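Take a look at the structure below.
When a ligand or atom number is given, it counts from 1 through the structure's own listing order. Nothing here was measured: the structure is a model prediction, and the numbers come from that model. One is the number of the first residue; the rest follow in order along the sequence.
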Amino acid sequence: MRHRDPAWNPATGAAGAGLPRVAWGKGAFVYDSAGRRYLDGSGGPAVFCLGHGHEEVNAAITRQLERIAHGYRYSFTSDPLEELEALITAAAGPAYGAMVMVSGGSEAVESALKIALQYHSARGEPSRRRFIARRRSWHGNTLGALAVSDFLARRAPFEGALVEASFVPSVNAYRPPAGVAPAALAAHAAAELEAEILALGPARVAAFIFEPVVGAAGGAVPAPPGYAAAVRAVCDRHGVLLIADEVMCGSGRCGSWRALAHDGVEPDLFAIAKGLAGGYLPLGAAVYHRRVAEVIDRVHGGPLTGHTFTGHTAACAAGVAVQTIVRRERLVERVAADGPRLLAALAAELGGIEAVGDIRGRGFFAGIEFVADRATRRPFAPELGLAGRVGRAALAAGLICYPLSGNVDGVQGDAVLIAPPFNATAAELEELVALLGGAVRTALAGLAR
Ligand SMILES: Cc1ncc(COP(=O)(O)O)c(C=O)c1O
């Protein structure tokens, strides 16, 4: 794939030359070494839930570093590790007391996949090795996580070395399969999953993994109502574990701490990362249900996965500080209340632009999808690089957003993600929406030239 964009390639995720040099950040703003200010409208890739330079978080990390950076997991437990586990269980629900701490989203997904395999082995069903995932989804860059991801440009150079996985179609109310009414979409998609499980043979299937709200590969695409419950039922019927990848959409981003809590569904495992420590230090977790824990604890004594930095003490201290603030300031509730206002403001600013096909999302996780033709929902030609243009125009205007492409079929499609800090002020959200509107108009005007 040709590298179209010198600054940032939304298809491959490759950073190019010409990026500004970051200097410092405060709240919703980032400053570069030339003194330019950027409003962080996407929290980088939906990470910085408390914005930047939060003094309480920095102080907690500093305090921990002054004592000890890390107590290695084979020798020690620690207060920050145990406090963070308790905070996660309190936020996720009492069924989720078991988890493996890791250093990011890919490791969290990788760990969830491995724990699912371990569970089946422990139960005496080692034939259950196959994962089923969805098209137009992104689960990470390690080989296992990449194997269940369907982000064409990021996979292509590694094909042939990826563990074989099965894929069912993406589920997007804006782009339903021909002949499927919106109200029938959830049942249709669940039936597709069941057909795939039956075609493979249930005794071969370990787990189904999906993003409750698709991020980088889709542009904040929420599952339709009833979908999560329907796939939960399908998985239960066939002994298949359900893994929710909440790396981007979880930890409060969508207005409930667990993204799937919105649907009233408990997955067997879920992966979290980005917002867990808000980007202050690298941190993620694979969290699993007590019915999974009971089996692997009994047979193997615990999860057979982990890393040198599992439960890194300073990273856990960052996570404790971030989650304590999120809880104390009721920020998830705030995201739930203000999310619809953000979507409405985006609709007011962008809805009149002919090339804006869909504005969607949940909480502080919004996606704007661009189309060359509103009536047919035809995407722009990929050669035009519209998403990259929007990203560049935004950056030039002082706004960080998250452009993405290939969301329609892996190659075609342009969208942009918005994921502001949970504590952004009303004025900052207003500025975000206005700057994005300007960037979209500039990028579209650039197409005509
Ligand atoms: C849904 C999802 N899962 C997993 C990952 C991988 O996370 P990381 O980049 O921290 O390894 C990402 C990253 O964007 C993601 O959005």
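- The part of His139 lying near ligand 1 is the backbone, judged by heavy-atom distances below 4.0 Å.
- Close approach to Gly140 involves these atoms of ligand 1, each under 4.0 Å from a residue heavy atom: 4 (C), 6 (C).
- Checked for salt-bridge contact, Glu246 and Lys274 miss the test: no charged N lies under 4.0 Å from a carboxylate O.
- Taking a cutoff of 4.0 Å between a charged side-chain nitrogen and a carboxylate oxygen, Arg134 and Glu211 do not qualify as a salt bridge.
- When heavy-atom distances to ligand 1 are checked against a 4.0 Å cut-off, Ser106 comes that close through both its backbone and its side chain.
- Ligand 1 lies out of reach of Glu107, whose nearest heavy atom is not under 4.0 Å from it.
- Counting atoms of ligand 1 from 1 in the listed order, those under 4.0 Å from a heavy atom of Val247 are 2 (C), 3 (N), 4 (C), 5 (C), 7 (O), 12 (C), 15 (C).
- In this structure, a donor-acceptor pair under 3.5 Å is present between the side chains of Asp32 and Tyr38.
- A cation-pi arrangement, defined by a distance under 6.0 Å to the six-membered ring centre and an angle within 45 degrees of its axis, is present between Arg154 and Phe151.
- Using a 4.0 Å cutoff on heavy atoms, Asp245 counts as a contact of ligand 1.
- Scanning the protein heavy atoms around atom 13 (C) of ligand 1, the nearest turns out to be Lys274 NZ, 3.1 Å.
- Using a 4.0 Å cut-off between a side-chain N of Lys or Arg and a carboxylate O of Asp or Glu, Glu428 and Arg37 do not qualify as a salt bridge.
- Taking 4.5 Å as the limit, every side-chain heavy atom of Val371 sits out of range of all side-chain heavy atoms of Pro379.
- Listed by number with element, the atoms of ligand 1 under 4.0 angstrom from any heavy atom of Glu211 are 1 (C).
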For the pair Tyr227 and Leu185, evaluate side-chain contact (heavy atoms from CB on, under 4.5 Å) and give the outcome as yes or no after the intermediate values.
-> CA-CA 8 Å; Tyr227 173 81; Leu185 183 55; over 6 Å; no

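- Of the N or O atoms in Gly105, one or more lie within a sub-3.5 Å distance of an N or O in ligand 1.
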